[in-house]
Asker: 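Dropping the structure in here first, questions after.
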2 protein chains.
Amino acid sequence: MDQWDAKIRNYSISELASEFGVTARTLRFYEDKGLLNPKRSGQMRIYSGADRARLRLILRGKRVGFTLEEIREMMELKTLDAGGTVHLSVSLQRFRNQINTLKQQRSDIELSIAELEAGCAWLEAKMINREPSEEIKQSARAFEALALARLEH
Amino acid sequence: MDQWDAKIRNYSISELASEFGVTARTLRFYEDKGLLNPKRSGQMRIYSGADRARLRLILRGKRVGFTLEEIREMMELKTLDAGGTVHLSVSLQRFRNQINTLKQQRSDIELSIAELEAGCAWLEAKMINREPSEEIKQSARAFEALALARLEH
DNA sequence: TTTACCATTGACGTTGACGTAAGGGGGATG
DNA sequence: CATCCCCCTTACGTCAACGTCAATGGTAAA
């Protein structure tokens, strides 16, 4: 239980960048936008485990379509201890909205996956039987019909 | 079974635009990029039900994070009947990659939802008990610890 | 005919998220 | 000492996805 803990590990900018597959420029940019603020040792940036965790959150947020500004706001809301009940309830509403957005997106994604999987099946069918047999043509038309049915509302 | 079918419905540019909550400029832009090509009556664009279906796909693709270029490619792959087995298998691989991307995204989304719901719970706890009781402070610290545990790898 | 409205095609402007180039500091190694 | 490598800041460049503006045309009601 001494101080040789795993959490006192720090990271240089390029370490963190390469670990997450981004450039150093990106990390400096995020700092500029108020998303990160690592400690400094002189000029050099020193990233802690917490900074690393924030970065993970930022990148995940990006992947699901939030802008950097939105991500910054959400992170601020959680570190914002001051502020009355009103402010809290506003924050709560914002979080709930984001959740609904994400759920909508998840459903979009599931539809898209289904769409692409249907496309795969269609391509596979075409590859297995190269000669334009009536059988395949039939299934092709069937697929098209199904696709259309799903698409036209 | 006469021709008073539902599918012969056509749309003007502003009809389609307002139905999907985009501007006419957007539709012209998509056409410029080869994503749509409605028929013309003179200068005016005439959108068919198929065009409408394509638009639906485009917008969904956008919502899940594909670029217009990617969407165009995917749509081309499906209307591309010519091309040998090699081309087909390349297409198939592309589709499979997109599917994996989407599945990754879905998992990201689920993580984000969990994150935000935890944030909601945290805010709610704070609202219910406004006075800074030790009890709440404890649960706050507990939450922070949990969050960190989830975040740091 | 005039007014009103919707359509068209350019062309340039804007925003977010970085890339890239220029110029310079500091330390470790041959 | 010279060379390398990593770090820093400042500032301009870029790309996608449209927005906005200008000038113009067709048609339908007043």
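Residue numbering restarts at 1 for every chain, and letters A, B, ... go by the order of the sequence lines. Atoms considered below: every heavy atom in the structure, side chains included; atoms not considered: hydrogens, waters and symmetry mates.
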Asker: Does A/Y47 belong to the same Ile/Leu/Val/Met/Phe/Trp/Tyr cluster as A/M44, with side-chain heavy atoms less than 4.5 Å apart forming each link?
Answerer: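 Hydrophobic grouping puts A/Y47 apart from A/M44.
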Asker: Nearest nucleotide by nearest heavy atom, which residue falls closer to the 5' end of DNA chain D, B/Q43 or B/K62?
Answerer: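 By nearest-heavy-atom nucleotide position, the 5'-most residue is B/K62.
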Asker: Identify which nucleotide among C/dT9, C/dA7, C/dA17 has an atom closest to any side-chain atom of A/T67, counting heavy atoms from C-beta outward.
Answerer: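 Side chain of A/T67 sits closest to C/dA17.
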Asker: Under 3.5 Å, side chain of B/Q105 to main-chain N/O of B/V64, donor-acceptor pair present?
Answerer: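 Pair found, side chain donor or acceptor close to backbone of B/V64.
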Asker: Between D/dC8, C/dC18, D/dC18, which nucleotide gets closest to the side-chain atoms of B/T26?
Answerer: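 It is D/dC18.
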Asker: If you check every side-chain atom of A/T23, which of C/dG19, C/dA17, D/dG19 has the closest atom?
Answerer: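 Between C/dG19, C/dA17, D/dG19, the one nearest the side chain of A/T23 would be C/dG19.
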Asker: Check this for me: does any side-chain nitrogen of one of A/E15 and A/R9 sit under 4.0 Å from a carboxylate oxygen of the other?
Answerer: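 A/R9 and A/E15: salt-bridged.
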Asker: Round to the nearest Å and state the distance from B/D32 atom CG to D/dA16 atom P.
Answerer: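 Atom CG in B/D32 sits about 13 Å away from atom P in D/dA16.
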Asker: Rounded to the Å, how far apart are A/R40 CZ and C/dG25 P?
Answerer: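 Rounding to the nearest Å, CZ of A/R40 and P of C/dG25 are 17 Å apart.
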Asker: Round to a whole Å and report the spacing from CD of B/E69 to P of D/dA17.
Answerer: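 So the CD-P distance, B/E69 to D/dA17, works out to 9 Å.
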Asker: If you check the B/R25 side chain, which of C/dT8, C/dC18, D/dG19 turns out closest?
Answerer: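 The answer is D/dG19, which lies nearest to the side chain.
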Asker: Taking the side chain of A/L68 as heavy atoms from C-beta outward, which of C/dA7, D/dC18, C/dC18 is closest to it?
Answerer: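 Among the listed nucleotides, the one closest to the side chain of A/L68 is C/dC18.
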Asker: Expressed as a whole number of angstroms, how long is the span from A/M44:CE to C/dG25:C1'?
Answerer: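 In whole Å, C/dG25 C1' lies 12 Å from A/M44 CE.
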Asker: Distance check: side-chain N/O of B/Y30 vs OP1/OP2 of D/dC18, anything under 4.0 Å?
Answerer: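 Yes, within the criterion.
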Asker: For the side chain of B/R45, counting heavy atoms from C-beta on, which of C/dA7, C/dT8, C/dT20 is nearest?
Answerer: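 Side chain of B/R45 sits closest to C/dT8.
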Asker: Going hydrophobic residue to hydrophobic residue with side-chain gaps under 4.5 angstrom, can you get from B/V22 over to B/I46?
Answerer: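 Different hydrophobic clusters.
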Asker: Between the base of C/dT8 and the side chain of B/R28, is one N or O donor paired with an acceptor at under 3.5 angstrom?
Answerer: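 In this structure, the two groups form no donor-acceptor pair.
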